[in-house]
Amino acid sequence: MNRTSPNLSQLFIVIFLALHFVHCTELRSRKSLNVTSRIVGGQLATANYPYVVSLMTDTIFGRYHICGGSIINHRTVITAAHCLASTSASLLKVHVGDTTKKVVDGIVYDVLHTHYHHLWTAETQDYDVGLVRIEGVLVYSPTVQPIKLATSMTKIKDGSYATVLGWGYTSAWGPPAEQLRMAQVPIVKQSTCNRRMDGLITKRMLCAGFKNGGVDACQMDSGGPLVYKSTLIGIVSWGVGCAERKKPGVYARVSELMPWIKQTLQKEYNEVLQNK
């Protein structure tokens, strides 16, 4: 192999492919469903959402946001399984306490371990939940706080509005957001969503979106929170396109996945989740 430097066009291609790889790590996992990860039609998140984190990965070209997540205790972040399946703890970082995608404020933590549900598959996107264990301990502050998780006792009325948050694409073709964005989306009845999504919806999934589309999560929002009355009810999982008519966003249903979350914390770290 010769050691000559690439010309400008070659360098551009190399950089483009590297960035494309980073931005699409969450898309590969569900190629078999012909869907994309799932804020389009939203607005800047001007309120304080201290539980939201950015999962980042290191590459030869720098550090990039790949998925969202939510703080659930001093050392643990919850995200989507598909955000973790094709990477490793050594490549991940957790950025907390900031609303910008680039590291301006807040703190960046190394990752000690990752765990995702053993029943998750790219073919179905069922059981799309994972946990990220940071090195060190989160110091709670006004901008860094855990969120309460939905349980079987959490009641969510169809048609009520929930908030989805993320740094993802602002349209189906991008670009990604530089500042944290939010959108209000209505919860879709389970049977209606299953019909619109060709029978792919399981009891571990929750749907939200407008019948006529226009507002939705999108690429690079994956793993981020869907929040109802200050409670995490969903994790951004998948969808068909972004904000399309009669194609609501699909989220991992936290209440159905709570047994795995609790068992994993107990088994791996001898912790009891303080869900207040």
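Note that the structure is predicted; figures quoted are calculated from it, not measured. Below, each value reflects all heavy atoms present in this structure, side chains not excepted, and no hydrogens, waters or symmetry copies. Count residues from 1 along the sequence.
- Residues Val96 and Val108 fall into different hydrophobic clusters, defined by Ile, Leu, Val, Met, Phe, Trp and Tyr side chains chained together at heavy-atom separations under 4.5 Å.
- With rounding to the nearest 0.5 angstrom, the CD atom of Gln179 is 10.5 Å from the NZ atom of Lys102.
- No side-chain heavy atom of Ile134 sits under 4.5 Å from any side-chain heavy atom of Thr76.
- Considering all non-hydrogen atoms of both residues, Tyr228 and Lys155 come closest at CE2-O, 3.6 Å.
- The NE2 atom of His65 sits 11.5 Å away from the OG1 atom of Thr100 when rounded to the nearest 0.5 Å.
- With values rounded to the nearest 0.5 angstrom, Lys203 atom NZ is found 10.5 Å from Asp126 atom CG.
- At a threshold of 4.5 Å between non-hydrogen side-chain atoms, the residues Lys93 and Val103 do not count as touching.
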Q: Let me see the working for Arg133 and Leu265 under side-chain contact (heavy atoms from CB on, under 4.5 Å), right down to the final yes or no.
A: CA-CA 10 Å; Arg133 190 75 168 182; Leu265 288 175; 4.2 Å; yes
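- Val185 approaches Ala208 most closely through the heavy-atom pair CG2-CB, 3.7 Å.
- Two different hydrophobic clusters hold Met56 and Leu112 under the rule that ILVMFWY side chains link at heavy-atom gaps under 4.5 Å.
- Listed for the Asp128 side chain is no donor-acceptor partner under 3.5 Å among the backbone atoms of Ala252.
- For Asn275 (side chain) and Leu149 (main-chain N/O), a donor-acceptor pair under 3.5 Å exists by modelled atom type.
- In this structure, the ring of His74 has its center less than 6.0 angstrom from the ring center of Tyr140.
- Among all heavy-atom pairs drawn from Val144 and Gly97, the shortest one is CG2-CA, 3.7 Å.
- Summarising the geometry of Ser70 relative to Ile147, their closest heavy-atom pair is CB-CG2, 4.1 Å, with the distance given to 0.1 Å.
- Under the 4.5 Å side-chain criterion, counting only non-hydrogen atoms from C-beta, Ile71 is not in contact with Gln145.
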#### Entry: Derivation of the side-chain contact (heavy atoms from CB on, under 4.5 Å) call for Val250 and Gln125
CA-CA 10 Å; Val250 184; Gln125 290 303 322; over 6 Å; no
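- Between Ile187 and Ala162, the shortest heavy-atom distance links the atoms CD1-CB, 4.1 Å.
- One hydrophobic cluster, built from ILVMFWY side chains closer than 4.5 Å, holds both Val52 and Leu232.
- A donor-acceptor contact shorter than 3.5 Å is absent between the side chain of Glu178 and the backbone of Trp167.
- Going from atom OG of Ser141 over to atom CD1 of Ile107 covers 7.5 Å, rounded to the nearest 0.5 Å.
- Summarising the geometry, atom CD1 belonging to Ile201 is positioned 4.5 Å from atom CH2 belonging to Trp238; distances are rounded to the nearest 0.5 Å.
- Figure legend: Arg75 and Tyr269 shown without cation-pi pairing, the cationic atom not lying both under 6.0 angstrom from the six-membered ring centre and within 45 degrees of its axis.
- Between the side chain of Thr79 and the backbone N or O of Gly68, at least one donor-acceptor pair lies under 3.5 Å.
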* Could you walk me through whether Leu119 and Arg204 pass the side-chain contact (heavy atoms from CB on, under 4.5 Å) check? -> CA-CA 11 Å; Leu119 293 178; Arg204 273 82 48 190; over 6 Å; no
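- A donor-acceptor contact shorter than 3.5 Å links the side chain of Arg253 to the backbone of Met205.
- Thr143 is not listed as a side-chain neighbour of Asp105, based on a closest heavy-atom distance of 4.5 Å or more.
- A donor-acceptor pair shorter than 3.5 Å can be found between the side chains of Thr163 and Gln184.
- With hydrogens and angles disregarded, no donor-acceptor distance shorter than 3.5 Å links the side chain of Lys148 to the backbone of Ser230.
- In this structure, Lys247 contributes its side chain and Arg196 its backbone to a donor-acceptor pair below 3.5 Å.
- Contact of the Thr202 side chain with the Glu256 side chain is not registered, since no non-hydrogen atoms from C-beta on lie closer than 4.5 Å.
- If you chain together hydrophobic residues whose side chains sit under 4.5 Å apart, Val132 and Leu138 fall into the same group.
- Residues Leu165 and Tyr51 are in side-chain contact: their nearest non-hydrogen atoms beyond the backbone lie under 4.5 Å apart.
- Residue Ser222 comes nearest to His82 through the heavy atom pair OG-NE2, 2.8 Å, listed as atom of the first residue, atom of the second, then distance.
- Note: Ser255 OG to Ile233 CD1 = 8.5 Å, rounded to the nearest 0.5 Å.
- Neither Tyr169 nor Leu44 shares a network with the other; the hydrophobic side chains, linked directly or stepwise wherever heavy atoms of I, L, V, M, F, W or Y lie under 4.5 Å apart, form separate groups for each.
- Between Trp260 and Leu131 there is a side-chain heavy-atom pair separated by less than 4.5 Å.
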### Task
Could you walk me through whether Glu268 and His113 pass the side-chain contact (heavy atoms from CB on, under 4.5 Å) test, one step at a time?
CA-CA 10 Å; Glu268 300 293 335; His113 298 295; over 6 Å; no
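- At least one side-chain heavy atom of Val94 sits under 4.5 Å from a side-chain heavy atom of Val111.
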